[in-house]
Amino acid sequence: MAHWMDRLASGEQFDTRQWVEILSQYQNETVREALFARARQTAQRYYGNAIYVRGLIEFTNYCKNDCFYCGIRRSNACAQRYRLTKEDILSCCEEGYALGFRTFVLQGGEDGRFTDDAICDIVSAMREGWPDCAITLSIGERSEESYRRLFAAGANRYLLRHETADPEHYARLHPQGLTLEHRKACLYALKRIGYQVGSGFMVGSPYQTLEHLAQDLQFLSQLRPHMVGIGPFIPHRDTPFKDFKAGSLEMTVYLLGILRLMLPGALLPATTALGTISPKGREMGILAGANVVMPNLSPLSVRKKYLLYDNKIATGEEAAEHLAALQRRMQAIGYTIVTDRGDCKPAAKGTRC
Ligand code: 5AD
């Protein structure tokens, strides 16, 4: 039974049929418990009982894209749009630094107003103001030249989920003009430039099959990103996918366990979406091998407006100002929040994180 786990941990690649077989066992309690115990052990070996925190600054919800699943898609006329100024962003960093954050994640829609010059100006100011902090960008698809300029300005990490590694499935989630091929090219460019790269996908997105998830795992095992963000799909009422059901909590944590064995030194967040579908979602993620949480550092006045999906949590223990409460929750399950930069640990022999 534990056989595939040993093989996965030793770096073996599985074909789609084998993955489907493994994935179809996600509701088997014996398998789950064995997987999670092993994933925890692996996380422990690389990171001890540390949980890294990243301060998330959602600086614009304008987006030129029209992804069918996303609440801040261009066609959503109900979204209340906002942009933070450079000064707003720097005050978020100031507040975050005082709270103990040493990584800032600038996340936003693909907003044309934030040109390379504009983002470089913000990143340079952050780099100068907080030289000991890691700067992560999560601002979508841009040219390689743009990624280079942002890196030179001081950005260290980049988050860009591939969303699904099957080209046809990708086309069912995105409007024409957005392609998996281009998304992958961006990810490989980011790696080449020297960013620590995060990718990932939604679990239970419309039309997703186990074969698609198998392809996601195969793609990630090829890309070998430093970080992998996964969370359940959650419908948003003002999108074409409003009537689809949310992705499964059980499948999401099962996949986290698998990812921990496959990429042992990776940074795996217990995401906001996981915390949104279940009050204990993030704890379950950590007990399945996740080791990062990303509290929200955005100004309170805009937090409810960065609504990627319905009921997105924003002001409870996921809020940066409630770090002490988050720490208590982590300690209750045997973990502790640490506030260093939390870089990715190199994986053991023969593999890379
Ligand atoms: N449900 C869950 N996750 C979503 N995202 C966007 N819309 C949704 C949704 N409805 C995720 C995407 C994106 C990340 C920022 O948020 O995977 O990459």
Side-chain angles (χ1 to χ4, degrees), residues 54 56-76 78-79 105-111 136-142 157-166 169-170 172-175 178 180 182-184 186-187 190 197-208 212-213 216 219-220 223 225 227-249 251-253 255-256 259 268-278 281-282 285 292 294 296 298 303 305-314 318:
R54 279 72 166 95
L56 185 61
I57 305 170
E58 297 162 331
F59 71 100
T60 173
N61 70 351
Y62 282 86
C63 191
K64 67 173 197 286
N65 291 331
D66 221 11
C67 309
F68 304 140
Y69 47 83
C70 184
I72 64 167
R73 66 199 300 266
R74 184 183 64 214
S75 307
N76 181 10
C78 302
V105 182
L106 276 186
Q107 183 171 94
E110 292 194 19
D111 179 354
T136 305
L137 297 176
S138 177
I139 52 176
E141 296 184 10
R142 301 174 83 95
R157 305 178 182 152
Y158 205 101
L159 307 180
L160 183 68
R161 291 186 179 178
H162 67 278
E163 312 295 0
T164 171
D166 179 89
H169 187 221
Y170 198 93
R172 298 187 85 169
L173 302 182
H174 301 95
L178 292 179
L180 176 61
H182 190 255
R183 182 60 61 118
K184 284 186 180 176
C186 289
L187 285 163
L190 289 161
V197 172
S199 194
F201 56 91
M202 287 176 289
V203 179
S205 58
Y207 315 110
Q208 186 182 64
H212 294 146
L213 289 173
D216 288 321
F219 171 64
L220 290 170
L223 177 70
M227 298 164 258
V228 181
I230 64 166
F233 161 76
I234 302 173
H236 184 293
R237 71 179 87 86
D238 302 312
T239 63
F241 287 166
K242 63 178 190 306
D243 295 324
F244 283 88
K245 64 178 197 338
S248 143
L249 170 70
M251 182 59 100
T252 308
V253 291
L255 283 159
L256 280 170
L259 286 166
L268 295 180
T271 55
T272 309
L274 191 55
T276 297
I277 52 161
S278 163
R282 268 166 318 169
V292 175
M294 298 170 67
N296 200 317
S298 313
R303 242 182 243 180
K305 298 182 183 160
Y306 200 82
L307 207 63
L308 303 177
Y309 41 81
D310 289 340
N311 307 314
K312 179 167 167 266
I313 50 174
E318 68 288 345

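Both ligands and their constituent atoms are indexed starting at 1 by order of listing. Values below: all heavy atoms of this structure, side chains included; hydrogens, waters and symmetry mates excluded. Numbering of residues begins at 1 and proceeds along the displayed sequence.
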Where ligand 1 meets [X] - atom numbers and elements under 4.0 angstrom, heavy-atom basis:
X      : result
Arg161 : 11 (C), 12 (C), 17 (O), 18 (O)
Met202 : 2 (C), 3 (N), 4 (C), 5 (N), 8 (C), 17 (O)
Glu163 : 12 (C), 13 (C), 17 (O), 18 (O)

With no hydrogens and no angle check, is any side-chain donor or acceptor of [X] less than 3.5 Å from a backbone partner on [Y]?
X      : Y      : value
Tyr309 : Cys70  : no
Thr271 : Ile230 : yes
Asp66  : Ser75  : yes
Asn76  : Gly71  : yes
Arg73  : Cys67  : yes

So for Gly229, does at least one of its heavy atoms come nearer than 4.0 angstrom to any atom of ligand 1? no
Residue and atom name of the nearest protein heavy atom (relative to [atom]), distance in Å to one decimal:
atom                    : value
atom 2 (C) of ligand 1  : Pro232 O, 3.3 Å
atom 16 (O) of ligand 1 : Leu308 CD1, 3.5 Å
atom 7 (N) of ligand 1  : Tyr69 CD1, 3.3 Å

Any N/O pair [X]/ligand 1 closer than 3.5 Å:
X      : value
Gln107 : no
His236 : no
Tyr309 : no
Phe233 : no

Regarding Thr164 and Asp166, is there a side-chain donor-to-acceptor distance under 3.5 Å anywhere? no
Tell me which one of Ile72, Ile234, Leu159 gets a heavy atom nearest to atom 10 (N) of ligand 1. Ile234
So, are Arg74 and Glu110 salt-bridged, with charged N and O less than 4.0 Å apart? no
Is the distance between the ring centroids of Tyr207 and His169 under 6.0 Å? no
